[in-house]
2 protein chains.
Amino acid sequence: MSEPDPSDAYGETRPFRVRSSTAEWAAAILRQRVTEGGLAPGSRLAEDELTAELEVSRNTLREAFSLLGHERLLEHRLNRGVYVRVLSPADVADIYRVRRMIEGAAVRRGERDPAALAALREVVAEADKAAAEDRWPDVGTADLRFHLVIASLNGSERVNTMMAQLLAELRLVFHTMDPHALHAPFLPLNRELLTLLDAGRGPDAEALLAAYLDQAERVLLATY
Amino acid sequence: MSEPDPSDAYGETRPFRVRSSTAEWAAAILRQRVTEGGLAPGSRLAEDELTAELEVSRNTLREAFSLLGHERLLEHRLNRGVYVRVLSPADVADIYRVRRMIEGAAVRRGERDPAALAALREVVAEADKAAAEDRWPDVGTADLRFHLVIASLNGSERVNTMMAQLLAELRLVFHTMDPHALHAPFLPLNRELLTLLDAGRGPDAEALLAAYLDQAERVLLATY
DNA sequence: TCTTATCAAATTGTTCAACAATCCTTACAT
DNA sequence: ATGTAAGGATTGTTGAACAATTTGATAAGA
């Protein structure tokens, strides 16, 4: 009678009484699988399998699907099921278009927010340390956090949300590539960008960032 | 989930065979009521009433709630129900911050997209006509469409979606005000902006737009 | 009178099982 | 090879049931 609890396999036990809903708990597990590559883009998420595995009702699972669908990680096709989103080259180009807009606007003014600059320094140090220890996936997440902080310079809650969503989408592409080749070239650029921001040289930072994002976009599109 | 709604279902009668899901159909009806003022900000949407009125199940209605919640039109309070969103002054300020970023970036380059310019001319004409006939609510929708087209100059599908969502949020505030006082001052500014865009004078257009949005924000915040 | 405690009613949160609608595969016919 | 017609599998929707929480009313006590 000792049936293994599927949730234990992921180190996530389901509390008896949770403040957050069961749907969010299920969504968190699926989100992790998607963003960490356990579920490849394009694969289908069958309701039967997942209700059995996660031990939640179909309704709850479908609510979790809905949550992840709004984060653009899953794609819902009417009467055909739910699939892990597949980013097209056009999607990648669009995402980088938005990034140029958001991060460019954030950087242009050259405003020196002490808290943000401190956060940037911390993230850069974290990335350097991870790189020195060959933990390239960690370098990748540090890189994403760097740009999230950049975006936050806009001082807008909504922009922060948009940016987080964009970066989550990008993860769909990232984990199909070699994290070293993907992130190594950008470590020095992050440092340089930080010094420009520190000096309040907004326009220079914007120009560097634009070149930065163009290059990153080219690297990603080269894999298609 | 995130499926484009053909929004064919505005007659409030459910077609025998629906192409979109029932939840999206219900969401479309509620969305219209909220954005057109039939449901005032702060009012509660009781499940019992709406399941009876729309003749959908509770589960389906709650999925519609979820959709509109993600669009920030409805607000969900745990165990207390769903309410039409009430925008705080901070929300309004945040929305205008994002608008300055999106519309500013769209206009700065001074790129002359013939299709977009034609669309802008058409919308301006529509607004003028509606104003001449004292149909001020129609002037309001034309004004919103004007700025939606402006945003589309960025050439990004995601930006278009963001902008549409921002303007839907703004409607929550708009329809609590006198549409004449709200939109009349901005008719000539729209025309002027159009001529600047026509001449490819990007920076001038950006400056005008920034002043424009600052003024609009002040007008809105003055009502709080 | 005011505060606090308790209870009952109403509403939301969650799950389940059944049925309807749709898609997809297979088999068959042309 | 192409098109068509079952049927089996999967998703869409519903109604009901029960749990948990809020709300409002009532009663008890200071």
Side-chain angles (χ1 to χ4, degrees), chain A residues 3 5-7 12-30 39 42-70 73-86, chain B residues 1-9 12-31 39 42-70 73-86:
Chain A
E3 211 162 352
D5 183 351
S7 55
E12 301 227 19
T13 55
R14 182 162 148 205
F16 177 63
R17 192 84 207 82
V18 232
R19 181 118 190 89
S20 73
S21 69
T22 311
E24 304 235 11
W25 171 84
I29 290 182
L30 296 178
L39 282 166
S43 49
R44 198 166 90 92
L45 284 75
E47 293 185 348
D48 259 2
E49 288 179 26
L50 287 172
T51 52
E53 188 188 351
L54 301 178
E55 291 179 318
V56 298
S57 74
R58 274 182 72 207
N59 284 331
T60 303
L61 181 66
R62 288 165 66 88
E63 194 177 328
F65 283 166
S66 167
L67 291 172
L68 297 173
H70 276 285
L73 296 181
L74 300 184
E75 188 183 355
H76 183 89
R77 306 180 200 166
L78 193 61
N79 290 315
R80 288 149 132 257
V82 171
Y83 296 78
V84 179
R85 184 93 183 289
V86 180
Chain B
M1 212 164 286
S2 54
E3 210 135 3
D5 186 1
S7 73
D8 46 49
E12 302 229 349
T13 51
R14 177 136 62 123
F16 175 65
R17 173 167 289 158
V18 225
R19 224 154 237 311
S20 68
S21 71
T22 308
E24 301 219 8
W25 171 83
I29 290 181
L30 296 178
R31 186 184 299 114
L39 282 166
S43 49
R44 200 165 90 90
L45 284 74
E47 293 185 349
D48 259 1
E49 287 178 26
L50 288 172
T51 52
E53 188 189 348
L54 301 179
E55 290 178 319
V56 299
S57 73
R58 268 182 78 205
N59 284 329
T60 302
L61 180 66
R62 287 166 66 87
E63 195 178 327
F65 283 166
S66 167
L67 290 171
L68 297 173
H70 278 287
L73 296 181
L74 299 184
E75 187 184 357
H76 189 121
R77 306 181 202 166
L78 193 61
N79 289 315
R80 288 152 134 256
V82 170
Y83 296 78
V84 178
R85 183 94 182 290
V86 180

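Below, chains carry the letters A, B, ... as their sequence lines are ordered, and counting in each starts from 1. None of these values were measured; they are calculated from a predicted model.
C/dA20 atom P lies 19 Å from atom CG of A/L78, rounded to whole Å. Rounded to an integer number of Å, the gap from B/W25 CH2 to D/dT13 C1' is 13 Å. To the nearest angstrom, C1' of D/dA16 lies 13 Å from CG of B/D48. Rounded to whole Å, the distance from CD on A/E24 to P on C/dG13 is 12 Å. When the P atom of C/dG13 is taken as reference, atom CG of A/L61 falls 19 Å away, rounded to whole Å. In this structure, A/F65 atom CZ and D/dT11 atom P are separated by 8 Å, rounded to whole Å. One can place CZ of B/R62 at 8 Å from P of C/dT12, the figure rounded to the nearest angstrom. Straight-line distance from the CD atom of A/E49 to the C1' atom of D/dA9: 13 Å, rounded to whole Å.
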- [ ] Please assess A/V84 against A/L74 for the test side chain to side chain contact (heavy atoms under 4.5 Å, CB included), listing each intermediate value before the final yes or no.
- [x] CA-CA 5 Å; A/V84 179; A/L74 300 184; 4.2 Å; yes

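Checking the phosphate oxygens (OP1, OP2) of D/dT23, a side-chain nitrogen or oxygen of B/R80 falls inside 4.0 Å. The side chain of B/T60 places an N or O atom within less than 4.0 Å of a non-bridging phosphate oxygen (OP1 or OP2) of D/dT14. Phosphate contact (OP1/OP2 of D/dT14, side-chain N/O of B/R58, threshold under 4.0 Å): absent. Taking side-chain N and O atoms only, B/R44 has a distance below 4.0 Å to OP1 or OP2 of C/dT12. Considering only side-chain N and O atoms, B/H76 lies under 4.0 angstrom from the phosphate OP1 or OP2 of C/dG13.
Between A/N59 and A/G81, the one whose closest nucleotide on DNA chain D sits nearer the 5' end is A/G81. Projected onto DNA chain C by closest heavy-atom contact, B/L45 and A/S57 fall at different nucleotides, the more 5' of which corresponds to B/L45.
Taken from CD in B/E47 to CD in B/E49, the straight-line distance is 11.0 Å, to the nearest 0.5 Å. The structure places CH2 of B/W25 at 9.0 Å from CG of B/L30, a figure rounded to the nearest 0.5 Å. To the nearest 0.5 angstrom, A/R62 atom CZ is 13.0 Å from A/L50 atom CG.
Counting heavy atoms from C-beta on, the side chains of B/H70 and A/L67 come closer than 4.5 Å.
Here D/dT22 is the nucleotide among C/dT11, D/dG12, D/dT22 with the atom lying nearest to any side-chain atom of B/N79.
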